[in-house]
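The next block holds one structure in the form of structure tokens; read it before the comments.
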2 protein chains.
Amino acid sequence: MAENIDKYELILLSSRKLIEEIGFSALTMDKVAQKAGIAKGTVYLYFKDKNELLEKVLEQGFERMFERIKSKVNTQKGHVEKLRVLIAENINHIYENRYFFKTIFLDEVNVVFLKKKSQESFNLRRKKYTDFIGEIIKSGIESGEFRHDLNPTKVGYMLVSLIKTNAIYNFLNNKPEFTEEMIKSDSEEIFNLLIYGISKH
Amino acid sequence: MAENIDKYELILLSSRKLIEEIGFSALTMDKVAQKAGIAKGTVYLYFKDKNELLEKVLEQGFERMFERIKSKVNTQKGHVEKLRVLIAENINHIYENRYFFKTIFLDEVNVVFLKKKSQESFNLRRKKYTDFIGEIIKSGIESGEFRHDLNPTKVGYMLVSLIKTNAIYNFLNNKPEFTEEMIKSDSEEIFNLLIYGISKH
DNA sequence: AATTATAATGACTTTAAAGTCATAATTCAA
DNA sequence: TTGAATTATGACTTTAAAGTCATTATAATT
């Protein structure tokens, strides 16, 4: 394992790789230590317990995704365009980290192993993202582009879940290789569903 | 505990109640036995192991929901009406079993504790439902009501996830009491989102 | 180079819950 | 009404993984 990153990051990275390889449920502290090429006791010098380690892995994953999407979205002016870019960038991120998300979404849809407190921070992270989307929806309503009877935050939740479900669908029907092409058409599909629904208009 | 239902059902029922009360992660075979008022060994006479027990609980839960929704949907003729009824009936079911679903959806979004094989049957159950919806979408496309570029099964996945997300949203913002009123407006909200999207049309 | 401080080790301890099985109670069949 | 078959019991065994800590290695300080 690389020598020039500090142990904290090394442990996070090793955990993340392990999660991709064997899933959450099979992850043990012994395996984390082995993967990082250090002793188990060392892991406990950097992380209070397993729960804290897992939480940091998830937190780091979320922050990276959120920052990336946010900066891309902020290059756009119109609300509709913001949404289009958000969807594409989110799908892109999932694609680029597909093994991680495959575990997150499928192997274990859940966070059984996290303590109540961690579950709360999980929900807070989701809220951060859905609120961000909610703001876009809100200005779209004010500008008259979107229906006035919408609950912006709720639409945020809905969009996030559409993107997630799209990924789950692809994982389950194991699309052999994700391609630029596919990302583009998936983005458009979700975009159209969100904006226009399924009816002929 | 009631004497006139057989032990198998008694154990299933007790497990289900426990899941509602303490969640999946805290569920132990000792607690199940205690809740059912029988010895732990007895539980193992009716279920091979914990995994089998949990799987049966989920399976029974799904079958009940699916049968209920299916029979209601089949009273309708038009595809649009079928979808409207499906959404309402699903939300209703979640409402009536809200403590169970709160655990399923929130406390532990997942199935970490289930063996690979059980996860597969979990996915099969979901597929059964999304395919059912997919069929409705398909005939709606053929009759020209819905866009022709839709992937019916995928729309099935999307709708299921919208319904689920709606419930999660309500749980997280703990709407104090679900009311007839709320179920109706939630149904309409999802229906409109699915059929027309968020744009002004 | 010696001393102190910091970091790392991994064998060991603890914990928690799954799963077992000899024994006991109950039901059934003649 | 007794003996065989079935069902139930719960103390005990097993398992698996989290977490600890006395000991050792490395780095920093004088």
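Protein chains get the first letters and strands the later ones, always in sequence-line order, with residue 1 at the start of each.
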Subject >> For atom CD of B:Glu52 and atom P of C:dA18, their distance in whole Å >> reply: 15 Å

Charged N to carboxylate O under 4.0 angstrom, [X] versus [Y]?
X	Y	answer
B:Arg84	B:Glu81	yes
A:Lys184	A:Glu181	no
A:Asp186	B:Lys154	yes

Collect all protein-nucleotide pairs involving nucleotides 22-28 of chain C in which both atoms are nitrogen or oxygen and the distance is under 3.5 Å.
none

Original post:
Tell me, for nucleotides 8-14 of chain C in 5' to 3' order, what letter each nucleotide earns: B for a base near a protein heavy atom under 4.0 Å, S for only sugar-phosphate near one, - for neither?
Top reply: BBB----

**OP:** Indicate, with a heavy-atom threshold strictly under 4.0 Å, whether A:Leu53 touches base, sugar-phosphate, or nothing.
**Re:** nothing

**OP:** Return the set of residues passing salt bridge (charged side-chain N to carboxylate O under 4.0 Å, His left out) with B:Glu135 (not counting sequence neighbours), or none when no residue passes.
**Re:** none

**OP:** Please report the closest heavy-atom contact between B:Ile11 and B:Val43, naming both atoms and the distance.
**Re:** CD1-CA, 3.9 Å

**OP:** Report the relative orientation of the aromatic rings in A:Phe171 and A:Phe105; use parallel for angles under 30°, tilted for 30 to 60°, perpendicular for over 60°.
**Re:** tilted

Original post:
Would you say the side chains of A:Tyr46 and A:Asp6 form a donor-acceptor pair under 3.5 Å?
Top reply: no

Subject >> Between B:Glu9 and B:Gln60, a side-chain donor and acceptor under 3.5 Å >> reply: yes

